[in-house]
Every structure is written in C-alpha cells, then in structure tokens.
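See below for the structure under consideration.
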Amino acid sequence: MVAGYTALTVRKIVQTQLIPAEPMSKPSPFATLEFWAWGAVFVASFAVAYVNPTALGTTARTCLPFLLASTVLGYMVGSGLPSGVKKVLHPIICCALSADLAAIAYGYLSRSGVDAVLGDYLTKAPSNPGAGDVLMGFLGSVIISFAFSMFKQRKLVKRHAAEIFTSIAIASTFSLYSTAILGRVIGLEPSLTISILPRCITVALALSIVSFFEGVNSSLTAAVVVLTGLIGANFVQAAMDKLGLNDPIARGIGTASSAHGLGTAALSAKEPEALPFCAIAYGLTGIFGSLICSVPAVRQSLSDARKIARIYVYRHIFCDYVSVVIRSKRVILYPSVLTTTKLAPTFHEAAAALQQPAGEQGTDSVVLLELAFDHFVTQRTKCL
C-alpha cells in the first residue's frame with residue numbers, strides 16, 4: 001500500500017495526468033484436453049506404481065511423471081475453484097497439497113519413505129532432474145513473458161516513470177526497515193528478524209539478500225516469503241478497493257511490491273492491464289532490495305533499527321509499569337505491572353530516584369515519565 005500511495009503522491013507533484021491503459025486480454029482458463037492429458041499421465045504412472053511396486057526406485061527420474069502430473073493437476077483444480085473457495089484454498093496451496101499427497105503415496109508404494117521422495121522432487125542436478133526441476137525450468141520463460149505486456153504498455157510506463165521508480169524505491173526501503181522494527185517490537189530473536197527481512201521480495205532474490213547476514217535461517221525466509229505472497233494474493237485486491245487505489249499503476253505496483261509473484265498472478269488474472277506495472281515492481285523491488293542490502297552501512301542501520309525498536313518497547317513498558325498518583329501535592333511512582341520481569345529492579349530504582357514534590361501547578365506526569373525513562377535507558381544502554 002505504501003507503493004500505491006507514493007505513486008499517487010509523486011503523480012500529483014510532477015502533475016502527470018493518467019491516460020487509459022492499453023486493453024489487455026485475460027489469461028484463458030485451462031482447456032479440457034489439458035486436464036485429460038495430465039490426468040492420463042497421472043493414472044498411468046500411478047498404475048505402474050500400484051501394479052509393480054517392487055520395480056520402483058527412489059531416483060528422481062523414476063518418480064518424475066507421477067509427481068509432476070499430481071503437481072500440475074493440483075494447480076489446475078485450484079485455479080478452477082470458485083473465487084470464495086480460493087481465499088481459503090489458493091491454487092498454490094492446492095498444488096502443494098497435491099504434491100505432498102502424491103509423495104506420501106509414492107513413498108508408501110515404493111517402500112522408500114516420503115522423505116526420500118521429497119528429496120528427489122528437487123535435486124538441482126541436470127543429470128537426474130526431479131519434478132520440481134522440470135517446473136523450475138519454466139520459470140525463466142514465465143518471467144520473460146512479462147516483457148510482452150510491458151512492451152504493449154511502454155508509452156504508459158515511460159510517461160509515469162518518475163512515480164513508478166520512486167514508489168518502488170520507497171516501498172522496498174520501507175518494507176525492510178518496518179520488518180526490522182516490528183520484529184523487535186514483537187520480541188523476535190535477531191536472527192529470526194533478519195531471516196524475514198525480505199518477506200516482500202521474490203524467493204530467489206530474498207535468499208540472496210539474507211546471505212549478506214550471519215546466522216540466518218534460509219528455510220524460514222522462503223516460508224515467510226511464500227506466506228506473504230499467499231496473504232497478498234487473497235486480500236490485496238480487497239484492501240486496495242477499500243483504500244481507494246483504483247488506477248492500474250498504483251494497484252500493480254502496490255501488489256507486486258508487497259506480495260511479489262503470487263500477488264502478481266492473482267491481480268493480473270482479473271486485471272490484466274495492471275500486469276506490466278506488476279512485472280516492473282516484481283523485478284525492481286528485488287533488485288533494489290539486493291542493492292541496498294549489499295551496502296554495509298545499510299546492513300548496520302537495519303541492526304540499529306532493531307535497537308531503536310527495543311528502546312521504543314522499553315518506553316511503553318515503562319509507561320505501563322509505573323502508575324503516577326498525586327497525593328498531598330507529591331508525585332509518587334508506584335510499580336503496577338510486570339513486577340516479575342528482570343527489568344523490574346531498574347524500574348524501581350528509576351522510579352524511586354525521581355520521586356519529588358510537585359510545584360505549585362503540579363508536576364507534569366508525562367514529562368516525569370519521560371525523564372524516568374531517559375534515566376532508565378542511560379543505565380541500560382549496555383543491554384541493547
């Protein structure tokens with residue numbers, strides 16, 4: 001949403017009038033022949049596995065037809081579900097469930113176990129490719145296909161270049177720093193916070209970004225990126241409708257900069273005129289994020305952002321922890337909550353040190369709390 005509002009703001013500043021986008025055709029649904037073809041591959045490979053399970057091996061090439069057909073059929077079924085059902089069972093979820101069930105079935109029939117079959121799903125070995133390797137081979141052509149829609153909207157892209165590139169840069173920076181701050185606010189460990197920093201960037205570039213940091217969990221990074229995309233694919237269009245982001249530029253950039261590929265696919269299926277701007281934001285968000293995270297000063301500032309957030313948390317804890325009671329023209333600080341935390345003794349000391357008589361107009365309790373907090377931070381700087 002930050003990217004969408006930034007695009008609208010920059011457009012007002014540069015005074016560029018939005019012109020209608022070139023009409024784009026919606027993607028065609030899967031044909032019946034495709035269902036029958038992949039269904040035949042699935043049934044044939046399952047029949048071989050059921051009739052002669054002892055002949056099955058655990059190599060990726062042996063289980064490739066069965067797993068590939070089940071994965072594709074899962075996505076086909078998911079894409080054909082009603083829109084209301086898709087909010088719960090997104091095609092990607094159906095695809096993953098279908099592949100997992102197929103792996104369980106194949107592992108049971110071949111007596112090799114599900115772990116071995118899942119290990120052969122994506123081998124990254126050209127000599128022994130799995131079903132995942134075959135599907136990953138189409139990723140490049142899918143990304144290149146974005147260029148056709150971008151070329152068709154080239155006049156609109158050139159006209160609104162300032163707002164497009166500015167909003168992408170601001171949204172990428174905001175995503176990284178907001179994640180760093182929120183991670184500390186909710187109490188995540190530093191390694192976990194770093195692992196989820198590139199949650200709004202596509203998986204391939206997100207993994208390269210977290211590689212700049214130490215002690216990260218790349219599996220968690222991939223999982224959070226996919227989860228972010230699923231949430232965005234289901235809810236981003238409704239959110240933009242509520243917020244009044246109606247033109248294709250703001251909707252495309254806002255979707256891709258927050259929900260990357262899954263959001264792009266969901267939006268372009270219903271609004272194909274937004275696809276060029278989704279494609280630009282999809283690529284540039286990851287590129288810009290990779291560039292700024294490659295700078296040591298930026299990586300250090302992301303760590304400092306976590307420290308700033310920790311101070312913010314301490315301040316709010318302190319304000320909740322201390323009750324200000326005015327009795328007999330004296331401001332008395334009483335601990336009220338969080339008395340069992342390890343920070344309690346320091347709060348007690350800060351509160352006791354700042355008990356003082358009120359002036360004629362009374363001491364401003366807010367100022368007093370801020371002074372107490374500043375004293376507390378000064379004494380606890382070493383714990384940040």
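As a basis for the values below, the full set of heavy atoms in this structure was taken, side chains included, without hydrogen atoms, waters or symmetry mates.
Hydrophobic clustering places Val134 together with Trp38 (ILVMFWY residues linked when any side-chain heavy atoms are closer than 4.5 Å, directly or through intermediates). A chain of hydrophobic side-chain contacts below 4.5 Å, direct or via other Ile, Leu, Val, Met, Phe, Trp or Tyr residues, connects Val298 to Leu176. A continuous path of ILVMFWY side-chain contacts below 4.5 Å connects Leu67 to Phe138, so both sit in one hydrophobic cluster. Side-chain heavy atoms closer than 4.5 Å link hydrophobic residues (I, L, V, M, F, W, Y) into clusters, and following such links, even through other members, never connects Phe165 to Ile170. Ile292 and Leu197 end up in the same hydrophobic cluster when Ile, Leu, Val, Met, Phe, Trp and Tyr side chains are linked at under 4.5 Å.
Annotation: side-chain hydrogen bond (donor to acceptor under 3.5 Å, both in side chains) contacts of Asn246 (sequence neighbours excluded): none. Every side chain to side chain contact (heavy atoms under 4.5 Å, CB included) that Ala171 has, sequence neighbours left out, goes to Ala3, Ser257. In this view, Ser98 and Ser70 satisfy the side chain to side chain contact (heavy atoms under 4.5 Å, CB included) rule, not counting sequence neighbours.
Contact record, Leu267 with Gly252: CD2-CA, 3.9 Å, taken as the closest heavy-atom pair. Residues Val236 and Ser258 come closest through the heavy atom pair CG2-OG, 4.4 Å. Nearest approach of Val203 to Ala222, heavy atoms of both residues: CG1-CB, 4.4 Å. Counting all heavy atoms, side chain and backbone alike, Pro198 lies closest to Thr221 at CG-CG2, 4.1 Å. Nearest heavy atom pair, residue Ile104 against residue Val114, reads CG1-CG2, 3.8 Å. Taking each heavy atom of Ala256 and Thr264 in turn, the nearest pair found is CB-OG1, 3.6 Å.
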Let me have the donor-acceptor pairs involving side chains of residues 223-235, under 3.5 Å, with sequence neighbours excluded, atom names and distances please.
| from | atom 1 | to | atom 2 | distance (Å) |
| --- | --- | --- | --- | --- |
| Thr228 | OG1 | Val224 | O | 2.8 |
| Asn234 | ND2 | Lys87 | O | 3.3 |
| Asn234 | ND2 | Leu230 | O | 3.2 |

Report, one line per pair, each donor and acceptor closer than 3.5 Å where one atom sits in a side chain of residues 212-220; sequence neighbours left out.
| from | atom 1 | to | atom 2 | distance (Å) |
| --- | --- | --- | --- | --- |
| Asn217 | OD1 | Ser219 | N | 3.1 |
| Asn217 | OD1 | Leu220 | N | 3.2 |

Name each donor-acceptor pair under 3.5 Å that joins a side chain in residues 272-289 to protein atoms two or more places apart or in another chain, with its distance.
| from | atom 1 | to | atom 2 | distance (Å) |
| --- | --- | --- | --- | --- |
| Tyr282 | OH | Thr202 | OG1 | 3.3 |
| Thr285 | OG1 | Ala281 | O | 2.6 |

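Thr123 places a side-chain N or O within 3.5 Å of a backbone atom of Asn128 that can act as its donor or acceptor partner. When atom types are taken as modelled, the side chain of Arg251 and the backbone of Leu245 share a donor-acceptor pair closer than 3.5 angstrom. A donor-acceptor contact shorter than 3.5 Å is absent between the side chain of Ser175 and the backbone of Ser172. The closest donor-acceptor contact from the side chain of Glu34 to the backbone of Ala31 lies under 3.5 Å. Asp133 places a side-chain N or O within donor-acceptor distance of the main-chain N or O of Gly130, the cut-off being under 3.5 Å. Judged by distance alone, the side chain of Ser79 and the main-chain N or O of Met76 form a donor-acceptor pair under 3.5 Å.
Taken to the nearest 0.5 Å, the CD1 atom of Ile181 stands 8.5 Å off from the CZ atom of Phe174. Atom OG1 of Thr32 and atom CH2 of Trp36 lie 9.5 Å apart (nearest 0.5 Å). Distance check: Arg11 CZ to Ile13 CD1 gives 12.0 Å after rounding to the nearest 0.5 Å. Put simply, SG on Cys94 and CG on Leu81 are 5.0 Å apart, with the number rounded to the nearest 0.5 Å. Ile209 CD1 to Ile201 CD1: the interatomic distance, rounded to the nearest 0.5 Å, is 3.5 Å. With rounding to the nearest 0.5 Å, the separation of CG in Leu243 from CG in Leu8 is 11.0 Å.
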*Under the side chain to side chain contact (heavy atoms under 4.5 Å, CB included) criterion, do Thr179 and Ile196 qualify, and how do the steps go?*
CA-CA 7 Å; Thr179 304; Ile196 66 174; 3.8 Å; yes
*Step-by-step side chain to side chain contact (heavy atoms under 4.5 Å, CB included) determination, Ile249 to Glu163*: CA-CA 9 Å; Ile249 296 178; Glu163 61 199 72; 4.0 Å; yes
*Should Leu182 and Ile186 be marked as a side chain to side chain contact (heavy atoms under 4.5 Å, CB included) after you check the CA-CA gap, both sets of side-chain angles, and the distance that decides it?*
CA-CA 6 Å; Leu182 287 175; Ile186 64 178; 5.5 Å; no
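The aromatic rings of Phe42 and Phe66 sit parallel to each other, their planes meeting at less than 30°, with 60° as the upper class boundary.
Side chains of Tyr5 and Ser167: a donor-acceptor N/O pair is absent below 3.5 angstrom, by distance only. Checked by atom type, the side-chain pair Ser45/Tyr106 shows no donor-acceptor distance below 3.5 Å. Counting only N and O atoms by type, the side chains of Arg159 and Thr16 include no donor and acceptor under 3.5 Å apart.
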